[in-house]
Amino acid sequence: GAVVSQHPSRVICKSGTSVKIECRSLDFQATTMFWYRQFPKQSLMLMATSNEGSKATYEQGVEKDKFLINHASLTLSTLTVTSAHPEDSSFYICSAREGITRHNEKLFFGSGTQLSVL
Amino acid sequence: DAKTTQPNSMESNEEEPVHLPCNHSTISGTDYIHWYRQLPSQGPEYVIHGLTSNVNNRMASLAIAEDRKSSTLILHRATLRDAAVYYCILRTTSGTYKYIFGTGTRLKVLA
């Protein structure tokens, strides 16, 4: 199956610093990528939808100035958590849409990034 | 957003079939039903998806009710590696499409 690579897998940072997470589709082109966050024992919460070459669409309640998303190419999307604070500590997961039509479309997910803000 | 409802948890014995139900009574005619599963500390992985007809692949089978208001993911022979949280998701086609995860079913497989 298709592979989505997400880096880093774990990051610890000081409060006030910015952290960038990369999501790459390795063997397919992804016009659309999704970013989720997940707290322990909870489901995935969609943060934003990222389309190549255009601005991301953020879900209600997600601060776009806080979580900067860039999807500059068909294989790379990045999420930057700006001025991170302890409440931003979470498991962040990206996914890439593979398939041209609704009939054959699937999502492939990265392995996630555990962010801990001290 | 179209919603799905799943039991919080289920148990199965190893080597036995497992039927994981999902209700999606607000599904529209063009929404696809997707299933993903998530193992601990990993990103989810694709399991299967379908629109109206039952679907089979090497991982599982998907049985879709005739009125499409519910579906069942079938693991034919559960193994310990199948222990995961299983998510039933509707791939909506109205407006800006997106994949919204519900609470999922935590499957425990007993040896």
Side-chain angles (χ1 to χ4, degrees), chain A residues 1-7 9-10 21 23-25 28 30-51 54-62 90-99 101-115, chain B residues 1-9 22 27-53 55 57-60 62 64 68 84-108:
Chain A
V3 177
V4 173
S5 175
Q6 184 174 344
H7 291 283
S9 58
R10 180 178 294 273
I21 302 170
C23 180
R24 294 181 184 273
S25 56
F28 66 101
T31 56
T32 303
M33 292 186 176
F34 301 94
W35 286 94
Y36 295 85
R37 68 186 297 182
Q38 184 176 35
F39 293 107
K41 303 290 186 184
Q42 294 188 23
S43 183
L44 283 74
M45 182 189 79
L46 180 65
M47 299 176 66
T49 301
S50 167
N51 290 300
S54 63
K55 291 184 178 180
T57 302
Y58 291 82
E59 293 300 299
Q60 190 172 9
V62 177
S90 186
F91 192 54
Y92 292 87
I93 308 170
C94 71
S95 69
R97 181 185 70 148
E98 194 242 12
T101 68
R102 284 177 288 145
H103 182 67
N104 64 9
E105 174 184 302
K106 304 170 187 173
L107 287 189
F108 290 92
F109 289 81
S111 54
T113 298
Q114 183 63 53
L115 171 64
Chain B
D1 297 326
K3 295 186 183 299
T4 61
T5 305
Q6 299 174 253
N8 288 332
S9 63
C22 180
I27 191 170
S28 71
T30 54
D31 290 347
Y32 278 75
I33 301 159
H34 282 241
W35 284 81
Y36 291 82
R37 71 180 186 181
Q38 185 179 25
L39 280 65
S41 301
Q42 295 184 28
E45 66 172 336
Y46 169 81
V47 178
I48 200 166
H49 77 285
L51 182 62
T52 56
S53 304
V55 185
N57 66 21
R58 62 176 181 81
M59 289 182 70
L62 176 60
I64 301 172
R68 301 206 332 120
V85 179
Y86 287 78
Y87 294 99
C88 166
I89 303 162
L90 297 184
R91 193 288 199 190
T92 62
T93 54
S94 59
T96 303
Y97 84 93
K98 48 193 174 184
Y99 289 76
I100 303 296
F101 280 71
T103 55
T105 297
R106 184 173 298 275
L107 175 65
K108 186 176 180 179

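Throughout, protein chains are lettered first and strands after them, A, B, ... in sequence-line order, and every chain is numbered starting at 1.
A distance of 9.5 Å separates CG in B/L51 from NE2 in B/H34, rounded to the nearest 0.5 Å. Of the inter-residue distances, the one linking B/C88 atom SG with B/Q6 atom CD reads 5.0 Å to the nearest 0.5 angstrom.
Contact of A/L44 with chain B is made through backbone and side chain together, with heavy-atom distances under 4.5 Å. Using a 4.5 Å cut-off between heavy atoms, A/L107 contacts chain B through both its backbone and its side chain. Looking at A/T32, only its side chain comes within 4.5 Å of chain B, counting heavy atoms on both sides.
Counting heavy-atom pairs closer than 4.5 Å to chain B, the top residue among A/Q114, A/H103, A/Q42, A/E105 is A/E105. If you tally non-hydrogen atom pairs under 4.5 Å between each of B/G102, B/P44, B/G43 and chain A, the highest count goes to B/P44. Between chain B and the residues A/F109, A/F91, A/F108, the most heavy-atom pairs under 4.5 angstrom are made by A/F109.
Taking the six-membered ring for Trp and thresholds of 30 and 60 degrees, B/Y36 and B/F101 have ring planes inclined between 30 and 60 degrees apart. Using the six-membered ring where Trp is involved, B/Y32 and B/H49 have ring planes that are tilted, between 30° and 60° apart.
In this structure, the side-chain hydrogen bond (donor to acceptor under 3.5 Å, both in side chains) partners of A/S5, at least two apart in sequence or on a different chain, are A/H7.
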